[in-house]
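Notes for the one structure printed next.
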Amino acid sequence: MSKNAKAGSDAPRSRSLWRHPDFMKLWTGETISQLGTQVTLLALPLTAVVILKANAFQVGLLSTLEFLPFILVGLPAGVWVDRLRRRPILIAGDLLRALTLGSIPLAYELHALHMDQLYLVAFLTGIGTVFFDVAYQAYLPSLVERDQIVDGNSKLEISRSGAQLAGPGIAGILIQAIKAPVAILVDAVSYLWSAIFVGLIRRPEAPVDTAATGTRPKMRHEIREGLRYVWRHELLRPIALCTATGNLFGSIAFAILILFAVRTLHLKAGEIGVIFALGNVGFLFGAFSARRIADRIGVGPAIIWSIGLTSPFYFLVPLATPSTAFAFLVVEGFAVGWGSMAVYNINQVSLRQAITPDRMQGKMNATMRFMVWGTIPIGSFLGGVLGRSIGLRPTLWIGAAGGVLAFLWPLLSPVRRLRVIPGAPAEQIPETFEAALVASEEGLPEPGSAARP
């Protein structure tokens, strides 16, 4: 053990997650699922635009319905995740998404595909994603040790980055070869594989929120508890507001991005896939560098400046023309993927998980998802309305202009002074955080954690 480690601790250095069989199963399942998701990311809107000739409003509505469940059932999902075992919820979420997505290629082959079905599939898939996502982020801290959380999130982000690197290219080829609706079958099968690997995890799990008296508080009380916990927390609130702002304006732009690429920039499915794949190299670099950046400049500055310095690249999208589209979109994707997505997300999610007690993990994640993903359907709807009323390019300018302001929330909060993640996850957070700030400013090890090298 390092001589700078926490005094008096005789705990061994944390084991490598490569030798953690249950984490490896979770990681494998998620990797396969992420690869399939990249197919649907292109294939679903392309099905609407190319096959069903959808307009800007219809494409925006499709994206709205996909994320609407985060507003409608996101908060109750957090309570259920804390009350129930999380692994069965993960499996159920995968199976729901597999079944609903699998209906699209079937309807296409039967010549019965309609926009109404895409709307329904998007909504039901969103419900599966709500429960899976809330349970997934709450499950990781119970599956690995607390000092392995950043490593676990980094590995999971590497998988997401790798999928985003290879997936769009594969998706573009599949869509051009077998048509967009049929290509969605790949994603449906990937969710089945994810469910199988999660089902193979053998670590015992008990419901987190079982009261000693055998009674539980009402759901309304627990929802309020989660909202209060996040809103009153001086670290979680600015992160939530930052991500919510970025998602609001980002979804305004993304709702019409495929339509803009096809009808204004005259890009084909294969070209869009290659652009996404090359741009997503940034995700991979961000996944590998997130922890090193936080170690070098501090976790708070890493969170702030990863998004603050890269979000101006959003302006490259509305600036693109048919002749510059390839270069501009690749550069934008690389910069935003590296900073605003990978480095930002790894560090802020790891911070959230580490400072939240186990009994609050589900409610915290659900509240965060409600706040930060709840803005996505609003932005998507606005994107569709604006795209149809003022045009695609002006709408993209609005999305880019709003997105660059998101970093101000953590910049103007105590997050900017946070050098290392506070060590205590329970009700001692305020005291621990103040001690963390003092330790960071004095260059001392933070209480409850090892010193930075």
Side chain proximity check, [X] to [Y], heavy atoms < 4.5 angstrom:
X: Leu411; Y: Trp305; value: yes
X: Phe131; Y: Pro69; value: no
X: Leu396; Y: Ile256; value: yes
X: Phe315; Y: Glu332; value: no
X: Val130; Y: Leu72; value: no

Of all residues at least two apart in sequence or in a different chain, which pass the side-chain contact (heavy atoms from CB on, under 4.5 Å) check with Glu271?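 Partners of Glu271 under the side-chain contact (heavy atoms from CB on, under 4.5 Å) test: Leu267, Lys268.
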Taking it one step at a time, do Ser33 and Ser190 satisfy side-chain hydrogen bond (donor to acceptor under 3.5 Å, both in side chains)? CA-CA 5 Å; Ser33 176; Ser190 77; 4.6 Å; no
Is Arg87 positioned over the aromatic face of Tyr139, cation under 6.0 angstrom from the ring centre and no more than 45 degrees off axis?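 No - Arg87 does not lie over the ring of Tyr139 by the 6.0 Å and 45° rule.
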Looking only at heavy atoms, what is the nearest atom pair of Ser340 and Thr310, with distance?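 It is OG-OG1, 2.7 Å.
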How about CZ on Phe407, more than 12 heavy atoms from neighbouring residues, nucleotides or ligands closer than 6.0 Å, or not? yes
Can you classify the ring geometry of Trp373 versus Phe67 as parallel (below 30°), tilted (30 to 60°) or perpendicular (above 60°)?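 The rings of Trp373 and Phe67 stand perpendicular, inter-plane angle above 60°.
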Flag the pair Phe197 / Trp27 as yes when their ring centroid distance falls below 6.0 Å, and as no otherwise. no
Can you spot which of Ile127, Leu90, Ile89 makes a side chain to side chain contact (heavy atoms under 4.5 Å, CB included) with Phe132? Leu90
Between Ser380 and Thr64, is any side-chain donor less than 3.5 angstrom from a side-chain acceptor?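 Short answer, no.
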